[in-house]
Every structure is written in C-alpha cells, then in structure tokens.
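Values in this document were obtained by computation on a predicted structure and should not be read as measured data.
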Amino acid sequence: MAKHGKKYLDVAKKVDRFNLYTPLEAVKLVKELAPAKFDETVEVHFRLGIDTRKADQNIRGSISLPHGTGKTVRVAVFADGAKADEAREAGADIVGSDELIADIQKGEINFDAAIATPNMMAKVGRIGKILGPRGLMPNPKLGTVTMDVAKMVGELKAGRVEYRADRYGICHVPLGKCSFDDQKLVENYAALYTEILRVKPSSAKGRYVKSITLTSTMGPGIKVDSAIQRNFMEE
C-alpha cells in the first residue's frame, strides 16, 4: 500500500469518504485540496460494470472536451504529399513518412498523439509494437486514421481525449487543470459522463456505472454521485 505524505494526509481528512458529492461540490473540493505547488491535472475515474473479456464490452473512444485539458499536445502526422502540407498548415508538430518511422524505430518519440492517412497504415504497422503499448497507434475507431488530417490535428490540439476501460473496467481520463474555473471543469465532466453513458454496451448486465471518483494529480479521491446525469452545475 502506498504511503502518503503529511500534506496529503492533512487534506484527505477534509473528505467525507462516505458522502457522494455533486459534480460541482467535487470539483470545488478537488481544487481546494490539491496539495502540490504546480498546476495539478484534474482526473475522473469511472468504474463500470462491464466484462472487458467480452469484445463488445471493451469500451474505447475519444471525445473533444468543451474546454480542452489545459495540456499542450504534440501531434505527429504520418502523411506525404498534399496531406503532409495540410497537416503542417493545421499546426502538426511533426510530419513525415519513412523518415519519421525510422526516427521512431531509433527511439525518438517526441509527440503525444499520432494521426495517419489510410495509405500510410501499411508502413505505420511496422512500428505498431512501439506505438501500441504507449497508446500512440493511429486507430480508425478513434478517428486518427483519416484523410481529414487538418480537422483531427485541430481537435487533438484543442483537447480531444481518449477514454478506454482497463481490464478492471475502469476509465481514467484527464478533465483539465486545477487552474480552470469550476464551470469549465464541470462542463468537461458533463460532456465526458454523457459520452460514457452513450456508449453503454447493450450486453452489459446489472449496474453500469458503479462509482465515479474525481481527484487531482497529488490529491485525495472524491466520490461523485453517479445518479446525477443532468443539471450538472447544481449543488
């Protein structure tokens, strides 16, 4: 079991572990209790009643948060010709084909997200074992294998986030920074929770959303009332 420092233990005492907070209450508490001196990331963790051993219950997707995440995202695009030019004009940080693949094979991975045009996927597949474990492999289901590279570059730069249930059925997703105002964080939470509800597998039995926890990078977890599925700004 991880040992926590005195600062963490002091702020954790202010959280009622048996209470379910409204999204707005939880956001305020997360910001108030963030113990670090840097601008911590606010994260949400959804524990879902799904069986990830079943293919149709492997929840995965992406969504553009209304207010982004506050993180600077470095985007790489695997493309050539006109599409490469389009990616550069849209603000992609790295654009290339064979030379970019060669750099990645050498261990040079200087980006946080990757996009590829469909005709590049045969080449990109050669580095799948490198990109896959890092969550950087372009995926048509996530919209990152596309001919509309400019649109996807813009969305990733603006704060598009990926959600994916781990083997325990938990989705861990960043919502923004503690420096965001309360309304922006709640609206990001609302967009993400609505999306999680939308993608509920038809074959999932029993209670779908078992628990929701909001936390900052270094702060304690705060339980959010999962029954609140609209009017998210109410206390």
Side-chain angles (χ1 to χ4, degrees), residues 20-24 26-27 30 41-71 73 75 112-116 118 121 128 131-148 151-176 180 184-215 221-234:
L20 294 177
Y21 295 88
T22 69
L24 182 57
V27 160
V30 163
T41 296
V42 178
E43 305 163 0
V44 61
H45 308 276
F46 297 98
R47 188 164 67 90
L48 306 176
I50 56 176
D51 185 349
T52 54
R53 294 170 297 180
K54 296 179 179 178
D56 64 334
Q57 294 190 32
N58 272 318
I59 287 179
R60 184 179 185 184
S62 61
I63 179 175
S64 294
L65 296 177
H67 305 290
T69 63
K71 178 184 177 183
V73 179
V75 179
D112 308 299
I115 302 166
M121 284 307 291
L131 297 182
R134 293 174 169 82
L136 295 173
M137 187 67 179
N139 187 321
K141 291 183 179 179
L142 300 177
T144 47
V145 177
T146 178
M147 288 299 287
D148 196 348
K151 179 184 176 185
M152 185 50 62
V153 168
E155 289 187 5
L156 289 172
K157 287 281 188 181
R160 190 176 185 87
V161 295
E162 180 181 340
Y163 57 86
R164 183 178 189 177
D166 63 19
R167 62 177 178 157
Y168 302 107
I170 303 174
C171 290
H172 314 267
V173 193
L175 275 187
F180 282 23
K184 286 182 177 180
L185 284 170
V186 172
E187 287 176 356
N188 277 358
Y189 168 87
L192 183 58
Y193 189 26
T194 300
E195 172 71 2
I196 293 293
L197 294 173
R198 185 187 70 80
V199 298
K200 176 185 177 182
S202 57
S203 60
K205 305 298 181 185
R207 188 175 176 185
Y208 175 51
V209 182
K210 290 190 171 183
S211 68
I212 304 173
T213 304
L214 220 61
T215 182
I222 296 160
K223 292 181 180 178
V224 186
D225 188 351
S226 62
I228 299 174
Q229 300 178 2
R230 60 185 65 181
N231 301 325
F232 293 96
M233 285 298 295
E234 291 183 0

Identify the two heavy atoms, one from [X] and one from [Y], that lie closest to each other, and give their separation to 0.1 Å.
X      : Y      : result
Met152 : Gly143 : CE-O, 3.1 Å
Thr213 : Gly221 : CG2-CA, 3.7 Å
His67  : Glu187 : NE2-OE1, 2.5 Å
Pro23  : Ile228 : CD-CD1, 3.7 Å
Thr41  : Pro174 : CG2-CB, 4.0 Å

Open item on the list: Within the 4.5 Å heavy-atom criterion, are Ile115 and Val153 side-chain neighbours or not?
Closed with: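 Answer yes - side chains close enough.
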
- [ ] Assess whether side-chain contact (heavy atoms from CB on, under 4.5 Å) is satisfied between Val161 and Ile63, documenting all intermediate values.
- [x] CA-CA 6 Å; Val161 295; Ile63 179 175; 3.9 Å; yes

To the nearest 0.5 angstrom, please state how far the [atom1] atom of [X] sits from the [atom2] atom of [Y].
X      : Y      : atom1 : atom2 : value
Ile222 : Thr215 : CD1   : OG1   : 7.0 Å
Ile50  : Asn58  : CD1   : CG    : 7.0 Å
Leu24  : Phe232 : CG    : CZ    : 12.5 Å
Ile212 : Ile170 : CD1   : CD1   : 12.5 Å
Gln229 : Leu197 : CD    : CG    : 4.5 Å
Lys210 : Ser226 : NZ    : OG    : 12.0 Å

Test your reading of the model: is there a side-chain donor-acceptor pair from [X] to the backbone of [Y], 3.5 Å cut-off?
X      : Y      : result
Thr144 : Asn139 : yes
Lys157 : Val73  : yes
Asn188 : Leu65  : no

TODO: For the residue pair His172 and Glu43, confirm or rule out a side-chain donor-acceptor distance under 3.5 Å.
DONE: no

Open item on the list: Under a 3.5 Å cutoff, is there a donor and acceptor pairing between the side chains of Glu234 and Thr22?
Closed with: no

Open item on the list: Does Leu48 form a side-chain contact (heavy atoms from CB on, under 4.5 Å) with Ile196? I'd like the steps, not just the answer.
Closed with: CA-CA 9 Å; Leu48 306 176; Ile196 293 293; 4.0 Å; yes

If the condition is side-chain contact (heavy atoms from CB on, under 4.5 Å), which residues does [X] pass it with, not counting sequence neighbours?
X      : answer
Met121 : Ala116, Val124, Met137, Pro138, Val145
Ser64  : Glu155, Arg160
Glu162 : Arg60, Leu142, Arg164

TODO: Check salt bridge (Lys or Arg N to Asp or Glu O under 4.0 Å) between Asp112 and all other residues, then give those that pass, not counting sequence neighbours.
DONE: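 With neighbours one apart ignored, the set is Arg74.
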
TODO: Could I get the full list of salt bridge (Lys or Arg N to Asp or Glu O under 4.0 Å) partners for Glu195, not counting sequence neighbours?
DONE: Arg198

Open item on the list: Between Ser203 and Gln57, does the side-chain contact (heavy atoms from CB on, under 4.5 Å) criterion hold? Intermediate values first, please.
Closed with: CA-CA 7 Å; Ser203 60; Gln57 294 190 32; 3.1 Å; yes

- [ ] Using ring-ring contact (aromatic ring centres under 6.0 Å, His included) as the criterion, list what pairs up with Tyr193, not counting sequence neighbours.
- [x] Phe46, Tyr189

- [ ] Would you please test Phe180 and Leu175 for side-chain contact (heavy atoms from CB on, under 4.5 Å) and show each step?
- [x] CA-CA 10 Å; Phe180 282 23; Leu175 275 187; over 6 Å; no

TODO: Answer yes when Asp51 and Arg53 have at least one side-chain N-carboxylate O distance shorter than 4.0 Å, and no when they do not.
DONE: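 Counted as a salt bridge, because a side-chain N and a carboxylate O are separated by less than 4.0 Å.
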
